[in-house]
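Throughout, a chain's letter reflects where its sequence line sits, starting with A, and its residues are numbered from 1.
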2 protein chains.
Amino acid sequence: MGTEIDNKLHSKDIKPTAMRQLVLQVLTEQKTAISLPELERKFEKADKATLYRTLKTFEKHKLIHSIDDGSGTVKYALCQDTCECQPEDLHVHFLCAKCNQTFCLNDFPIPQINLPSSFSLESVNMVVKGVCSNCMI
Amino acid sequence: MGTEIDNKLHSKDIKPTAMRQLVLQVLTEQKTAISLPELERKFEKADKATLYRTLKTFEKHKLIHSIDDGSGTVKYALCQDTCECQPEDLHVHFLCAKCNQTFCLNDFPIPQINLPSSFSLESVNMVVKGVCSNCMI
DNA sequence: TCTAACTTTGCAACCCAGTTGCAACAACTT
DNA sequence: AAGTTGTTGCAACTGGGTTGCAAAGTTAGA
């Protein structure tokens with residue numbers, strides 16, 4: 001049953017098309033962030049532009065957030081239920097240099113920086129690079 | 001006199017070709033980080049690939065460091081004299097959402113994060129986005 | 001129910017940053 | 001002077017991201 005999926009879509013005001021259900025399904029099963037090219041590979045038959053626009057729609061409705069981890073391709077991960085994509089929802093991301101997987105470290109809020117008052121602050125991107133537990137062995 | 005420039009190149013073990021002198025000159029005069037496309041525009045007559053390789057050479061010899069500020073194009077800025085591009089040399093970068101300029105906040109070291117021990121840590125990228133003092137007016 | 005308005009999808013094409021192969025050229029060595 | 005090496009310029013390509021447009025699907029109104 002895709003009821004969970006449909007609920008989630010509905011709660012974020014996104015019309016539940018087949019495509020969107022499938023993409024959200026994948027995003028939900030995924031433990032790490034996923035990029036558009038990766039998503040394309042998961043859906044051999046689906047069109048790049050459609051997947052692209054699906055992700056954009058999800059992002060706009062705050063179902064997912066985008067992560068620029070410096071790997072060259074933007075990745076996407078589900079927001080937490082309470083997430084409003086506001087500064088206080090921001091967390092650290094971890095990029096594994098070996099497997100290239102990106103993790104949301106939801107328990108690690110981004111430390112505060114006290115900039116000179118001449119700079120206003122909108123958002124902060126913090127990506128830690130290293131080796132993840134799976135690749136440590 | 002390009003003596004300063006030549007000294008700098010020499011001190012980093014980079015052969016002082018005309019191209020490199022010119023690029024380093026620009027980088028030195030620049031107060032903010034500069035991208036390859038921007039550099040191309042400054043040198044209408046120079047070849048993209050040459051500029052690209054010049055930057056790569058500089059980076060390899062730790063004369064400059066690259067900055068991925070999430071703007072879509074990687075930028076480059078001079079390292080400080082003492083910089084070894086090690087974790088302790090890392091600093092926060094600031095991207096102005098209005099003018100798209102990127103600043104090295106050399107006085108702002110990246111705050112430490114205590115990851116679970118299952119993650120090893122190699123480097124951290126921290127980019128603050130906001131409005132710079134020039135654009136605040 | 002039939003139709004008009006709107007949304008979503010699929011295809012194609014495009015943009016642009018980054019990168020590489022290769023040949024011409026320059027500098028350096030013996 | 002010839003050979004070796006490093007540098008430059010040109011061209012071409014890669015790959016992620018993005019957009020225009022027409023076809024297909026959905027929704028709502030008469």
Are side-chain N/O atoms of A:Q21 and A:Q25 paired as donor and acceptor at under 3.5 Å?
no
Quick tally for nucleotides 24-30 of chain C: nucleotides whose base has a protein heavy atom under 4.0 Å get B, sugar-phosphate-only ones S, the rest -, giving -------
Applying side chain to side chain contact (heavy atoms under 4.5 Å, CB included) to B:L36 and B:L51, what does each step give before you reach the verdict?
CA-CA 7 Å; B:L36 175 56; B:L51 293 171; 3.8 Å; yes
d([atom1], [X]; [atom2], [N]) in whole Å:
X: B:L22; N: D:dT8; atom1: CG; atom2: P; result: 10 Å
X: A:N100; N: D:dG15; atom1: CG; atom2: C1'; result: 14 Å
X: A:M19; N: C:dT7; atom1: CE; atom2: C1'; result: 16 Å
X: A:I14; N: C:dT7; atom1: CD1; atom2: C1'; result: 14 Å

Taking only side-chain nitrogens and oxygens of B:T17, does any of them come within less than 4.0 Å of OP1 or OP2 of D:dT8?
yes
Mind listing the side-chain donor-acceptor pairs of residues 8-20 of chain B below 3.5 Å, one per line with the distance, residues two or more places apart or on another chain?
from, atom 1, to, atom 2, distance (Å)
B:K8, NZ, B:D81, OD1, 3.1
B:S11, OG, B:K8, O, 2.8
B:K12, NZ, B:K62, O, 3.2
B:T17, OG1, B:R20, N, 3.3
B:R20, NH1, B:K15, O, 3.0

Quick one, which residues of residues 29-43 of chain B touch DNA chain C with a heavy atom under 4.0 Å?
B:L36, B:P37
Of the residues in residues 44-65 of chain B, which ones touch DNA chain C at a heavy-atom distance under 4.0 Å?
B:K48, B:A49, B:Y52, B:R53, B:K56
Hydrophobic clusters here meaning ILVMFWY residues chained together by side-chain heavy-atom distances under 4.5 Å, can you tell me if B:V74 and B:L63 are in one?
yes
Close side-chain approach of [X] and [Y], heavy atoms under 4.5 Å:
X: A:L95; Y: A:K75; answer: yes
X: A:K42; Y: A:I34; answer: yes
X: A:C104; Y: A:I67; answer: yes
X: A:T102; Y: A:T32; answer: no
X: A:T28; Y: A:L78; answer: yes

Atom pairs and distances, side-chain donor-acceptor, residues 110-130 of chain B, under 3.5 Å, sequence neighbours left out:
from, atom 1, to, atom 2, distance (Å)
B:S120, OG, A:V131, N, 3.1
B:N125, ND2, B:D68, O, 3.2

Pairs in or reaching into residues 33-67 of chain B: which pass ring pair (Phe, Tyr, Trp, His ring centres under 6.0 Å), with residues at least two apart or in two chains?
B:H65-B:H91, B:H65-B:H93
Picking from D:dG17, C:dG10, C:dA17, which would you name as closest to the side chain of B:T73?
C:dA17
